Visitor: 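Please see the structure below; I have some questions.
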Amino acid sequence: MTRAGMIWVAVSAGLILLTLLIIFILQNQDRVTVHYLGVAGELSLGMALFIAAVAGGILVAVAGAARILQLRSQSRSRRGQPQAVPGPGSPDLVGLN
């Protein structure tokens with residue numbers, strides 16, 4: 001499949017998921033009271049669940065980005081250090097004779 005074809009498949013899948021999400025929100029219009037850190041407010045159940053899902057996605061993205069930055073930092077620090085060359089009798093060379 002070409003790159004353009006893959007993009008269209010991804011766009012189509014995204015539009016289908018967005019349509020299903022809109023249907024979910026529209027079918028869950030019952031008002032609920034939401035309490036968070038001492039603050040209370042009323043909104044539709046579908047919107048409350050949508051906000052919770054987006055907040056969870058943001059937390060996962062932040063944690064993933066932090067881990068990627070940590071791994072990049074470790075990789076950069078390792079590049080600056082000379083590589084150790086195994087000597088005679090080293091466990092890395094056992095069994096290679």
Side-chain angles (χ1 to χ4, degrees):
M1 182 178 281
T2 66
R3 184 173 173 97
M6 290 174 47
I7 291 172
W8 280 110
V9 168
V11 168
S12 299
L15 288 174
I16 290 170
L17 289 173
L18 185 60
T19 302
L20 293 172
L21 179 64
I22 291 170
I23 291 169
F24 173 79
I25 291 172
L26 290 174
Q27 287 182 342
N28 289 285
Q29 288 294 313
D30 297 334
R31 304 293 286 178
V32 293
T33 303
V34 178
H35 300 273
Y36 185 72
L37 296 175
V39 178
E42 259 193 39
L43 68 157
S44 70
L45 175 62
M47 190 56 63
L49 291 172
F50 176 69
I51 291 169
V54 169
I58 290 171
L59 288 174
V60 168
V62 167
R67 180 64 178 149
I68 288 171
L69 290 174
Q70 181 185 34
L71 291 172
R72 284 184 183 172
S73 174
Q74 288 176 356
S75 175
R76 284 189 191 120
S77 68
R78 286 185 187 146
R79 273 190 236 148
Q81 298 174 355
Q83 293 291 327
V85 178
S90 172
D92 294 339
L93 297 177
V94 173
L96 294 178
N97 297 332

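It should be emphasised that the depicted structure is a prediction, and the values quoted were computed from it without experimental measurement. Positions are given from 1 along the sequence.
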Visitor: Give the cluster check for L15 versus L21: same hydrophobic cluster or not, with ILVMFWY residues linked at side-chain heavy-atom distances below 4.5 Å.
Guide: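 No, it is not one cluster - the side chains of L15 and L21 are not joined through contacts under 4.5 Å.
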Visitor: Side-chain heavy atoms nearer than 4.5 Å, only ILVMFWY residues, links allowed to pass through others: does that put F50 and I58 together?
Guide: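 Same cluster: F50 reaches I58 through Ile, Leu, Val, Met, Phe, Trp or Tyr contacts under 4.5 Å.
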Visitor: OG of S44 to CG of L26: how many Å apart, nearest 0.5 Å?
Guide: 9.0 Å
Visitor: Do I51 and V34 come close enough that some side-chain heavy atom pair is under 4.5 Å?
Guide: no
Visitor: Using the rule that Ile, Leu, Val, Met, Phe, Trp and Tyr join whenever any side-chain heavy atoms are under 4.5 Å apart, tell me whether L49 and V54 fall into a single cluster.
Guide: yes
Visitor: Does one hydrophobic cluster hold both V9 and M6, with members joined at side-chain heavy-atom distances below 4.5 Å?
Guide: yes
Visitor: Looking only at heavy atoms, which two atoms of A40 and T33 are closest? And how far apart?
Guide: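 Answer, listing the atom of A40 first, then T33: CB-CG2, 4.4 Å.
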Visitor: Rounded to the nearest 0.5 Å, what separation is found between the CG atom of L45 and the CD atom of Q29?
Guide: 9.5 Å
Visitor: Rounded at 0.5 Å granularity, tell me how far CZ in R31 sits from CE in M47.
Guide: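 Spacing of CZ (R31) from CE (M47) equals 10.0 Å.
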Visitor: Under the rule for side-chain contact (heavy atoms from CB on, under 4.5 Å), what residues qualify as partners of I23, not counting sequence neighbours?
Guide: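 Expected list: T19, Q27.
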Visitor: Looking at I22, I16, L20, which hits side-chain contact (heavy atoms from CB on, under 4.5 Å) with L18?
Guide: I22
Visitor: Keeping the roles fixed (side chain from S73, backbone from L69), state whether a donor-acceptor pair exists under 3.5 Å.
Guide: no
